[in-house]
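First listed ligand is number 1; within each ligand, the first listed atom is number 1.
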Amino acid sequence: MITTAAISTIREHVKAWRIRGETVAFVPTMGNLHQGHITLVKEAKTRADHVVVSIFVNPMQFGPKEDLDGYPRTLEQDSEKLVAAGAELLFTPTPELIYPKGLAQQTFIEVPHIGDELCGASRPGHFRGVATIVAKLFNIVQPDMALFGRKDFQQLMIIKTMVEDLSMPIEVIGVDTIREASGLAMSSRNGYLTADEKHRAASLKRAIDSVITAVQHGQDHHQAIAQAEQQLKAAGFTPDYFELRSADSLRQASENDNHLVVIAAAYLGKARLIDNVSFSRHPK
Ligand code: PAF
């Protein structure tokens with residue numbers, strides 16, 4: 001695997017592959033890689049001739065009180081995992097290369113409405129930072145396709161919307177969430193949990209599943225969500241949001257929506273955990 005912090009090196013390799021008529025898949029990450037990321041790389045390898053990965057802890061998507069400096073940076077271990085998974089090119093730019101004029105002078109991309117709710121409401125500016133860095137990385141790598149985890153459901157929808165709205169010639173592929181045996185969705189932020197919190201964190205998926213079961217049995221989802229939030233509080237969580245939405249538009253679910261998503265964020269100890277599960281109201 002070639003590791004580079006230079007845009008020109010990325011472009012040279014991608015250009016050479018393209019001349020040979022070969023395809024390129026891209027997996028953007030912030031590093032501290034876990035099985036969820038590795039699944040994205042392996043899936044990318046089944047779909048394209050070459051896989052490019054980026055590791056960049058993007059300051060633009062962190063709020064002033066968030067964990068930018070404390071975000072785990074584990075480049076050596078990450079590189080080993082990427083080599084084993086079959087990535088060929090790793091882009092590790094510096095913040096100075098990506099934002100040479102500083103964040104305040106940076107042109108940005110904002111996907112309206114969808115970026116302001118749920119995680120966007122709790123983390124103002126977060127999705128502006130995500131959309132901007134993903135657009136920049138897309139312009140640098142120029143892949144045929146890019147893969148993202150469905151765990152970040154709102155992020156995935158924002159990136160799909162951006163690509164469609166700005167006519168970017170890139171296929172955006174969502175890959176299923178990888179979970180621990182307990183049901184806990186894999187996330188770099190699980191590293192902030194103590195052993196006891198990690199055990200209790202599995203309640204988040206159980207609470208989501210309880211709402212799905214209630215909705216599929218025709219019960220009122222408001223009541224099911226209130227009960228689920230109680231379960232979470234009993235497990236030591238402070239819920240941020242817990243909602244039933246349309247899985248197609250992320251708008252509030254209406255009675256006519258069949259393709260739904262239960263989407264939640266909650267604080268446990270030092271971690272803010274997010275999770276979601278999509279489902280059919282009337283499974284066949
Ligand atoms: O999901 C992430 O790790 C980040 O939000 C992403 C897409 C790499 C952009 O920084």
Side-chain angles (χ1 to χ4, degrees), residues 5 7 10 25-41 43-44 51-63 66-75 77-79 81-82 85 87 89-95 97-99 103 106 108-111 114-115 118-120 122-141 143 145-163 166 168 170-178 185-192 263 265 271-276:
I7 294 174
I10 296 289
F26 177 46
V27 180
T29 81
M30 297 208 300
N32 194 229
L33 304 181
H34 51 68
Q35 205 44 44
H37 298 108
I38 299 308
T39 304
L40 295 180
V41 174
E43 178 66 28
V51 179
V52 181
V53 177
S54 63
I55 294 182
F56 178 63
V57 182
N58 173 32
M60 201 181 190
Q61 68 188 76
F62 285 76
E66 293 182 353
D67 52 349
L68 173 63
D69 292 337
Y71 198 87
R73 284 144 171 102
T74 52
L75 185 57
Q77 295 94 310
D78 292 349
S79 298
K81 290 177 189 169
L82 291 173
L89 195 51
L90 173 61
F91 183 44
T92 55
T94 59
L97 179 83
I98 295 291
Y99 302 119
L103 291 182
Q106 174 65 39
F108 58 81
I109 293 183
E110 210 157 63
V111 175
I114 181 179
L118 304 171
C119 282
S122 319
R123 305 181 67 191
H126 170 67
F127 287 120
R128 172 196 285 188
V130 170
T132 303
I133 188 62
V134 171
K136 264 191 94 113
L137 292 168
F138 281 180
N139 282 333
I140 292 167
V141 178
M145 65 194 83
L147 293 89
F148 297 85
R150 290 211 176 94
K151 188 189 74 94
D152 297 297
F153 190 88
Q154 189 177 9
Q155 167 173 284
L156 177 63
M157 204 162 251
I158 283 168
I159 292 165
K160 282 187 171 165
T161 306
M162 172 184 82
V163 162
L166 299 181
M168 295 176 168
I170 296 171
E171 185 189 359
V172 176
I173 298 162
V175 176
D176 282 347
T177 304
I178 303 296
M186 291 205 184
S187 163
S188 302
R189 294 208 155 87
N190 295 351
Y192 297 140
I263 187 162
R272 181 176 182 278
L273 302 180
I274 60 171
D275 201 353
N276 71 86

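Rounding to the nearest 0.5 Å places CG of Asp275 at 7.5 Å from NZ of Lys151. With rounding to the nearest 0.5 angstrom, the CD1 atom of Ile114 is 12.0 Å from the CE atom of Met162.
Taking the six-membered ring where the residue is Trp, Phe26 and Phe138 present perpendicular rings, their angle passing 60° and hence far from 30°.
Among all non-hydrogen protein atoms, the one lying nearest atom 5 (O) of ligand 1 is Gln155 OE1, 2.7 Å.
Considering only heavy atoms from C-beta on, Phe148 stays 4.5 Å or farther from Leu40 through its side chain. Residues Leu273 and Tyr192 are not in side-chain contact: their nearest non-hydrogen atoms beyond the backbone lie 4.5 Å or more apart.
Of all atoms in ligand 1, listed by their number and element, those nearer than 4.0 Å to a heavy atom of Pro28 are 8 (C). Contact atoms of ligand 1 toward Ile133: 9 (C), 10 (O) (distance under 4.0 Å to a heavy atom of the residue). Against a heavy-atom cut-off of under 4.0 Å, Gln61 is close to the following atoms of ligand 1: 4 (C), 5 (O), 9 (C), 10 (O).
Contacts between Ile159 and ligand 1 below 4.0 angstrom, taking non-hydrogen atoms only, are absent altogether.
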